[in-house]
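Note that the coordinates shown come from a computational prediction; the quantities given were computed from them, not determined experimentally.
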2 protein chains.
Amino acid sequence: MHGAHRTDRYDTTRRLTARKTARNACAAMSKRPIRTTGKTTHAGAAPVAVALNAVILVVDEDAPKVLCARSADGAIGLPYGPFDPARHRTFETGLREWVERQTSVRLGFVEQLYTFGDKGREAPAALIEGGDASARVVSVGYLALAAEAAPVNAADAQWRSWYDFFPWEDWRRGAPQVLEAVIEPGFTAWFRRATDAATRAQREARVAAAFGMGDLPWEEERALDRYEAMYEAGLVAESWRDRTAAGLAPPGGDPDLPRATGLSMGSDHRRILATAIGRVRGKLKYRPIVFDLMPSRFTLLSLQRAVEAIVGFNLHKQNFRRHVEGAGLVEKTELTERQTSGRPAALFKAAAMPDKAAGGLSIPRVRTAVR
Amino acid sequence: MHGAHRTDRYDTTRRLTARKTARNACAAMSKRPIRTTGKTTHAGAAPVAVALNAVILVVDEDAPKVLCARSADGAIGLPYGPFDPARHRTFETGLREWVERQTSVRLGFVEQLYTFGDKGREAPAALIEGGDASARVVSVGYLALAAEAAPVNAADAQWRSWYDFFPWEDWRRGAPQVLEAVIEPGFTAWFRRATDAATRAQREARVAAAFGMGDLPWEEERALDRYEAMYEAGLVAESWRDRTAAGLAPPGGDPDLPRATGLSMGSDHRRILATAIGRVRGKLKYRPIVFDLMPSRFTLLSLQRAVEAIVGFNLHKQNFRRHVEGAGLVEKTELTERQTSGRPAALFKAAAMPDKAAGGLSIPRVRTAVR
DNA sequence: CTATATATGCTCGCATAGAGCATAATTCGC
DNA sequence: GCGAATTATGCTCTATGCGAGCATATATAG
């Protein structure tokens, strides 16, 4: 594992910081033998910079959209801002600040996604400017939901459907063509490139689980698993770009395939977006977060369309109402909406306290006292 | 202040190479008009130090245990080590390194939990030593599962049942006494302390949802929600400690109550542990992670006991087998175990590819083509 | 008035989870 | 060696939930 010497200590506690820069704090942290196992000394790890990455989502008609920005090198990416510990008490404060200052988007639900710290993830930009290999920018990814696709005042910012980046995730109009036409052949080739039978079987099992092949079901919330499998199989542009930048051999397979698998993003932003998609899709099932994406009044059909946009497949209309109304998540108003044609739909609003829970288990719990 | 946490699965990959110091990277990041929305220039945020916090879990008989360490000031806490970007390519690499070096624990499943960056979470120590409020240590919390409670060589490290810290989470022997005796009265007092009716209703709704009161179900995975509600209601020692340290008024209520609500931990470690408990409990339902906590061969009853230890309530034996066997998660071996009394149980092992999915939805999806 | 389109109410059947009975295979006390 | 105690394991019963679809209500377009 990594030369150098061993250092850390393993101790509990509160950060002993105080009147020191973070660098000093870190050094102190490792020098002090705070009990536990610690007996090693550590010269002091280099500090890192923290950036806040935001996946800001809205649902516009039947398109789930994400706020995108264009970076200096022309790549599309997610907007982000620096986190300044001196000015922000929490990550979320920092995030809301720069988002609301630089865009007119009003954020509703905000939740931390994941913290990305892999060396090299910020590669392209870093390489261009050259520098110290020990540097590290840690990105804390956040998911934020907004009710309206407010026009963004920034020049190169824009709302895009997330299916521009993940065309295989949209099953609303049947099985995505790109799956059969491009992705499956690509994976098949990847299986064949395996050096041994075990690796090959492993790859097949992984893809089958992620993409719901065989008798396995398509699980919409596994968007990240799918993207990562495609990345490793060389089916997305980022895979080729990163391996080239790192001086490694290309991933193999047809270099033209990635052109058909959706728009790529700079850095690892498409991965972050995949994480966000998976999270929203999963969370939708056990928390009423859809309403953060809806206007104050809506019809059940528009609500259904929003859910469909997110999960990527169609729902059964009557059953959808049955669930939503039965769960007490919405309240009917006196108003109705009259649009082009058909019977006017009742307008609903989110229930005052939609904090109930659904969430299906597969654990046979005991209700009675006896076991 | 203490926002909602919760993250998800993950797995990192990807490498490249970065250049320049973190401080420079950060400055460059903010100065450079990376398009997007950025037009603000930022003087260059102070860098922060990153610590890796580990919640290392095992199941010992019917106790879910967590590896604890004792800090200099005597508080119990989670073990942690610094993250050195110069030596570690990824967070997980760094984590595994110091864990495996300083303990003899062999980690199985590892997953990022949440990144904690709130100012003041390290409050006590920082205040004691006095100092710069701008210094910041960001903690990346990790969940790690191990199959065996290996003896730890560190002096002050020990395995403890997580129910020592969360006695109200264990329903295996009926409703936890502490709930009725201490927690409910404590919350009732908290409701009464609300200054207005709206606040009061909000508090009641929140507690009802978290603790499953009224007709709401107890959701075992909401451990964090419960802890946070108790923290705000002044029902845990950390609440009093933190508010005192910050020079704020005490949370109110009976200062003796926290003595009855389980062991406290230093810093915000009990919160991190609550996050971990919620995560394991939730993940258990849709991924076969239990097997990372089991020996290679086990009986179905021991597997059931492990699950019960985690979720905190008892399961129906026959139905448990039906599910586990039916889902193809385990394979029967030829061996049987003979213990004290009763019919010998067949020994099972985890299925070769337990990658299927369970996961109950509450979304009425369409199977046929028609909507 | 007719065709069409959407909203909304209601029922049917199957799969599944919760619950519990019955039987099998051991050890233990005597 | 025998009955009691204990644990394992197979099987059935039933309520519920969900996928599915029929039927009816209420609007617009022409």
Side-chain angles (χ1 to χ4, degrees), chain A residues 61-62 215 217-218 285-286 297-305 307-308 311 313-328 330-348 356-371, chain B residues 61-62 215 217-218 285-286 297-305 307-308 311 313-328 330-348 356-371:
Chain A
E61 298 289 322
D62 49 8
D215 60 342
W218 171 273
K285 295 177 204 158
Y286 63 97
R297 298 299 136 101
F298 48 84
T299 66
L300 290 187
L301 185 57
S302 65
L303 182 67
Q304 182 184 340
R305 292 281 178 261
V307 174
E308 290 173 337
V311 300
F313 53 80
N314 294 325
L315 304 180
H316 187 279
K317 197 181 194 178
Q318 296 93 322
N319 291 342
F320 180 76
R321 332 179 98 249
R322 180 173 63 185
H323 276 112
V324 169
E325 286 192 274
V330 296
E331 288 170 14
K332 206 171 200 164
T333 67
E334 296 305 315
L335 308 169
T336 57
E337 186 188 56
R338 42 196 64 214
Q339 30 188 22
T340 50
S341 76
R343 174 172 168 177
L347 282 172
F348 287 77
K356 291 190 182 178
L361 328 198
S362 63
I363 295 179
R365 57 195 305 173
V366 171
R367 290 231 169 120
T368 60
V370 195
R371 185 178 313 184
Chain B
E61 298 290 322
D62 48 10
D215 60 341
W218 171 272
K285 295 178 203 158
Y286 62 97
R297 299 298 138 100
F298 49 83
T299 66
L300 289 187
L301 184 58
S302 64
L303 182 67
Q304 182 184 341
R305 292 280 177 262
V307 173
E308 290 173 337
V311 299
F313 52 80
N314 294 323
L315 305 181
H316 187 278
K317 196 180 194 178
Q318 296 94 322
N319 291 343
F320 180 76
R321 335 177 97 249
R322 180 173 63 186
H323 278 111
V324 169
E325 286 191 274
V330 296
E331 287 171 14
K332 205 171 199 163
T333 67
E334 297 304 317
L335 307 169
T336 59
E337 187 188 56
R338 42 197 64 216
Q339 30 189 24
T340 50
S341 76
R343 175 172 167 176
L347 283 172
F348 287 77
K356 291 190 184 178
L361 329 197
S362 61
I363 295 179
R365 58 195 305 173
V366 169
R367 290 229 169 121
T368 59
V370 195
R371 186 180 310 187

Could you tell me if the side chain of [Y] sits less than 4.5 Å from the side chain of [X], heavy atoms only?
| X | Y | value |
| --- | --- | --- |
| B:E308 | B:D62 | no |
| B:V307 | B:Q304 | no |
| A:F320 | A:L303 | yes |
| A:L300 | A:F348 | yes |
| A:E61 | A:R305 | no |

Using nucleotides 8-15 of chain C, report all nitrogen or oxygen pairs with the protein that are shorter than 3.5 Å.
| unit_1 | atom_1 | unit_2 | atom_2 | d |
| --- | --- | --- | --- | --- |
| C:dT8 | OP1 | A:A346 | N | 3.1 |
| C:dT8 | OP2 | A:R321 | NH2 | 2.1 |
| C:dT8 | O5' | A:R321 | NH2 | 3.0 |
| C:dG9 | O6 | A:Q318 | NE2 | 3.4 |

Check side-chain contact (heavy atoms from CB on, under 4.5 Å) between B:S302 and all other residues, then give those that pass, not counting sequence neighbours.
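Residues passing side-chain contact (heavy atoms from CB on, under 4.5 Å) with B:S302: B:M294, B:F298, B:T299.
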Can you pull out how bent the helix from C:dC1-D:dG30 to C:dC30-D:dG1 is, comparing the axes over its first five and last five pairs, to 10°?
10°
C:dT6 C1' sits how many Å from A:R305 CZ, rounded?
10 Å
Side-chain N,O (B:H323) to OP1/OP2 (C:dA17) below 4.0 Å
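So the side-chain polar atoms of B:H323 do come within 4.0 Å of the phosphate oxygens OP1 or OP2 of C:dA17, strictly under.
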For the side chain of B:L301, starting at C-beta, report the closest nucleotide among D:dA8, D:dT6, D:dC18.
D:dA8
Partners passing side chain to side chain donor-acceptor pair (under 3.5 Å) against B:R297 (at least two apart in sequence or in another chain):
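By the side chain to side chain donor-acceptor pair (under 3.5 Å) rule, B:R297 matches no residue at all.
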Rounded to the nearest 0.5 Å, what separation is found between the CG atom of A:L315 and the CZ atom of A:R321?
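Between A:L315 CG and A:R321 CZ, I get 13.5 Å after rounding to 0.5 Å.
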